[in-house]
Structures are given as C-alpha cells and as structure tokens.
Amino acid sequence: GAVVSQHPSRVICKSGTSVKIECRSLDFQATTMFWYRQFPKKSLMLMATSNEGSKATYEQGVEKDKFLINHASLTLSTLTVTSAHPEDSSFYICSARDAGTGGTEAFFGQGTRLTVV
Amino acid sequence: AQSVTQLGSHVSVSEGALVLLRCNYSSSVPPYLFWYVQYPNQGLQLLLKYTSAATLVKGINGFEAEFKKSETSFHLTKPSAHMSDAAEYFCAVSDYNQGGKLIFGQGTELSVKP
C-alpha cells in the first residue's frame, strides 16, 4: 500500500515557540492532504484540507493563523503550530489522498505527539 | 452533512470470542465507509473499506463488515478475537466528491481478555 511518512514522531517545545510537522507521501503523488488533531481518548478532528499549490481550507473553529499549512509540492505538506501553548499539546495526524487510484482512500502518517511545556 | 456514530466507547471480549463493533452512519449521498485500527501513539491502519461494490467486505486480520443501507449500518466483526486485536477502532464515512476527507466516529476501544 501507499506510504505516508510524518516527521517528527514526537516533539517537545517551549511555550511561545513554533513547531513544524512534515507529512510526505513516499510512493505516490498527493494533490490533497488532510491534517487531523486527536485528543487523548478522543476521535480525530479534521483541522484542514491541504491542496497542492493553493491555500488550505480550514474547518470551522480552527485558527488559520495559528496552524499554518503549506503544500508546496505533490509529496509534501507541512503544518506549523505558531506560538505554541500548552493547550496545543496533542497528537497530530496527516493523511494523503492518492489521486492516481481514484482517491477513494486516504493513507495516514504515523502521527506526531506534540507536548508544549 | 455526513456523520458516524459508534455505539459503545469500550467493548471487552474474551480471547476466541466474537468481536462486534457497531457503526451507524448518516449521509445524504451514497457513502464510502471505512474501518481503521489505531494502536497507542500510532497512526491509523485501514482494516477495510466499502466503496459501493460488494456489501460484505473482507479486510485484514480476519475482520469483515457488512454494509446495510436499510439500517444505515456498517458493523465490524471478527469470528475469534486475538489478544493482538486490542486497540482503538474507528469507523469513518466519506463520499466520492470528498474522497479522502473522512468524518470519524468517536472510536471504540476493544479489550481482549485471556
């Protein structure tokens, strides 16, 4: 199956700093990628849809200036958490749609555990 | 709008017993339905998917699910539970126009007792 690599898997940062998370499709081109946030013992909440070469589409209630998304190539999307605060601590997961196979399935990265101290 | 409801946030079964995880969906268009499994601190792994072909879908690790339009359900089953099946399971819905954009249920934690 298609592989999506997410990096880093775990990061600890100080309050007020910014953190960048990368999501790469390794063996397919992904015109669309998705970013989810997962709280402990909770389901995945879609944050935004990342489209290659255009602005991301954010879900209602998600601060676009805080969660910056860039999808500069067909294999890479990045999520930057700006001026991070402890309440941003969470598990962030990306997924990528393989447009070459009809796009009915999204493949998930391994997730990034962000801890803001 | 689409939505998914998973009945039971926690299910406990004995090893070798039947596993049944319930999922009901709501969709105004023909849905695509998915079951994912998540182990602690990991991403999601696809177990199986329904995309308007056969209503009985077989997946990995012995899991299967049946799409029942009349009941708007897509329950996940496995005849005999293994200890390694203990994990969090998510049902998700999408539609063709949003291929890849998933709406998830609340998740069901499966425990397997020896």
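What you see is a predicted model, and the numbers here were worked out from it, not measured in a lab.
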Is there a path of hydrophobic side-chain contacts, each under 4.5 Å between heavy atoms of I, L, V, M, F, W or Y residues, that connects [X] with [Y]?
| X | Y | answer |
| --- | --- | --- |
| B/V4 | B/Y89 | yes |
| A/I21 | A/F34 | no |
| B/M83 | B/V37 | yes |
| B/F74 | B/I103 | yes |
| A/M47 | A/Y58 | yes |

Below 4.5 Å from any heavy atom of chain A, which atoms of [X] appear? Answer side chain, backbone, both or neither.
| X | result |
| --- | --- |
| B/F90 | side chain |
| B/E109 | side chain |
| B/Q38 | side chain |

Checklist entry - If you draw a 6.0 Å radius around NZ in A/K20, do more than 12 non-hydrogen atoms from other residues or ligands fall strictly inside? => result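 No, NZ of A/K20 has 12 or fewer neighbouring heavy atoms, counting only those of other groups under 6.0 Å.
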Checklist entry - Is the number of heavy atoms from other residues, nucleotides or ligands within 6.0 Å of CZ (A/R113) greater than 12? => result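 Atom CZ in A/R113 is crowded, with more than 12 foreign heavy atoms closer than 6.0 Å.
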Item to check | Sorted by number, residues from residues 58-68 of chain B in contact with chain A (heavy atoms, under 4.5 Å) | outcome: none
Checklist entry - Taking atom CG of A/L44 and atom CG of B/L102, what is their separation to the nearest 0.5 Å? => result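 Atom-to-atom, A/L44:CG and B/L102:CG are 9.0 Å apart.
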Item to check | CZ-CG distance between A/F107 and B/L46, expressed to the nearest 0.5 angstrom | outcome: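 Here the interatomic distance stands at 7.5 Å.
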Next on the checklist: Listing request: all disulfide (SG to SG under 2.5 Å) pairs with a residue in residues 7-37 of chain B, at least two apart in sequence or in separate chains.
Outcome noted: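 Qualifying pairs, neighbours excluded: B/C23-B/C91.
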Checklist entry - Which of residues 73-93 of chain A have a heavy atom under 4.5 Å from any heavy atom of chain B? => result A/F91, A/I93
Item to check | Side-chain donor or acceptor of A/S43 paired with backbone N/O of B/G107 under 3.5 Å | outcome: no
Next on the checklist: Quick check: closest heavy atoms across B/Y36 and A/A106, and the distance to 0.1 Å?
Outcome noted: OH-O, 3.3 Å
Checklist entry - With sequence neighbours excluded, what pairs up with A/E22 under the salt bridge (Lys or Arg N to Asp or Glu O under 4.0 Å) test? => result A/R24
Checklist outcome for this item: Residue from A/R10, A/Q38, A/K42 scoring the most non-hydrogen pairs under 4.5 Å with chain B is A/Q38
